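Scroll down for the structure; my scribbles are underneath it.
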Amino acid sequence: MPANSADGTGPVEVVLVKGGRTKIRYPAELLADDGVRITVRAAWAGTDVRDFGFVRFEPGDVFTEHYWRDRWYAVKEVRDAAGVRKGWYCDVTRPAVRSGAALTVEDLDLDLWCSADGGDVRRLDEDEFAESGLAGRDPEAAAAAGAALDELEARARGTGFADLG
């Protein structure tokens, strides 16, 4: 199968790469792949609670994750075990690559959180992004990442993400 082909549904493995190394891999269910956007659903991949102060990710949470082959970000809707939406966690990444049952994304450190009611929108990890040195190594990618974060914030403060499905 070509590296970026559209293909039905079934199991996939999400591979998150950061700084040239695999940060985490986790199983997910492929919900859709139209050749541009890839949507998967996965349980919280952590074994413990991760408390950010503004949201807690915990066992039982379900993430519906949207990745694009032509955009520099991913949008992840987060719901608790009862199905109540917590909000959207957005990662700035290089465009996604799907090869067979592997979906690989490179995390570029920048993130955005948008609460379920849209009242809490926050940019995250801008310090980590600056420290990563990407601007010096790959100025075009750094510019694309900054533009992606701006786009995500504008959408979060405007129409939001509920229409992603």
Side-chain angles (χ1 to χ4, degrees), residues 7-19 21-34 36-69 71-129 132 145 148-165:
D7 185 36
T9 59
V12 294
E13 181 177 50
V14 177
V15 181
L16 182 62
V17 176
K18 190 170 181 177
R21 287 187 248 161
T22 298
K23 180 179 176 183
I24 189 170
R25 324 170 79 91
Y26 55 91
E29 176 189 358
L30 177 65
L31 301 178
D33 182 351
D34 65 9
V36 177
R37 184 173 87 179
I38 305 157
T39 303
V40 303
R41 182 170 296 131
W44 165 240
T47 55
D48 297 320
V49 172
R50 177 118 188 243
D51 191 342
F52 291 93
F54 52 88
V55 65
R56 289 168 49 101
F57 295 159
E58 50 204 337
D61 285 352
V62 177
F63 289 65
T64 301
E65 305 175 357
H66 304 274
Y67 299 92
W68 286 267
R69 292 180 172 93
R71 298 184 192 177
W72 286 69
Y73 56 79
V75 177
K76 302 171 181 181
E77 180 192 55
V78 185
R79 292 183 179 262
D80 69 15
V84 176
R85 182 184 293 144
K86 293 182 176 187
W88 294 268
Y89 195 91
C90 306
D91 289 317
V92 173
T93 67
R94 290 185 188 269
V97 175
R98 181 168 166 230
S99 180
L103 173 60
T104 304
V105 290
E106 182 181 347
D107 186 341
L108 298 177
D109 293 310
L110 294 172
D111 301 297
L112 183 109
W113 169 253
C114 178
S115 63
D117 66 1
D120 183 9
V121 175
R122 38 178 97 213
R123 295 165 74 108
L124 305 168
D125 303 327
E126 290 177 294
D127 55 338
E128 287 180 31
F129 179 73
S132 75
L149 185 61
D150 291 343
E151 181 181 338
L152 288 165
E153 182 177 16
R155 180 160 183 174
R157 295 187 186 286
T159 60
F161 302 104
D163 65 338
L164 290 177

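Worth saying up front: this structure is predicted, and the values here are computed from it rather than measured.
The minimum heavy-atom distance between Leu108 and Arg94, with the atom names listed, is CD1-N, 3.9 Å. Across every non-hydrogen atom of Asp120 and Arg122, the tightest pair is OD1-NE, 3.0 Å. Between Trp68 and Ala74, the shortest heavy-atom distance links the atoms CZ3-CA, 4.4 Å.
Asp125 meets the salt bridge (Lys or Arg N to Asp or Glu O under 4.0 Å) test with no other residue; sequence neighbours excluded. For Glu126, the side-chain contact (heavy atoms from CB on, under 4.5 Å) partners are Leu110, Arg123, Leu149, not counting sequence neighbours.
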Output, in order, the C-alpha distance, side-chain angles, deciding distance and verdict of side chain to side chain contact (heavy atoms under 4.5 Å, CB included) for Arg69 and Asp33. CA-CA 10 Å; Arg69 292 180 172 93; Asp33 182 351; 2.7 Å; yes
Passes side chain to side chain contact (heavy atoms under 4.5 Å, CB included), Leu112 versus Tyr73? Steps please. CA-CA 10 Å; Leu112 183 109; Tyr73 56 79; over 6 Å; no
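Separating the CG atom in Leu152 from the CH2 atom in Trp113 is a distance of 13.5 Å, to the nearest 0.5 Å. To the nearest 0.5 Å, atoms CZ (Phe57) and CZ (Phe63) are separated by 4.5 Å. To the nearest 0.5 angstrom, Ile24 atom CD1 is 10.5 Å from Glu13 atom CD. With rounding to the nearest 0.5 angstrom, the OG1 atom of Thr47 is 13.0 Å from the CD atom of Glu58. Going from atom CG of Asp91 over to atom CG of Asp111 covers 5.0 Å, rounded to the nearest 0.5 Å. Interatomic distance, Ser115 OG to Trp88 CH2, rounded to the nearest 0.5 Å: 8.0 Å.
The closest side-chain heavy-atom distance from Thr64 to Leu164 is not below 4.5 Å. The shortest distance between side-chain heavy atoms of Val92 and Phe129 does not fall below 4.5 Å. For the pair Val78/Trp44, no side-chain contact is recorded, criterion being any heavy-atom separation below 4.5 Å from C-beta on. The shortest side-chain heavy-atom distance between Lys18 and Asp109 falls under the 4.5 Å cut-off.
Screening Glu77, Glu29, His66, Glu65 for a side-chain hydrogen bond (donor to acceptor under 3.5 Å, both in side chains) involving Thr39 leaves a single residue, His66.
Counting heavy atoms of neighbouring residues, nucleotides and ligands inside a 6.0 Å radius, atom CZ of Arg85 exceeds 12 of them.
The pair Lys76-Asp61 does not meet the salt-bridge criterion, since no charged nitrogen lies less than 4.0 angstrom from a carboxylate oxygen.
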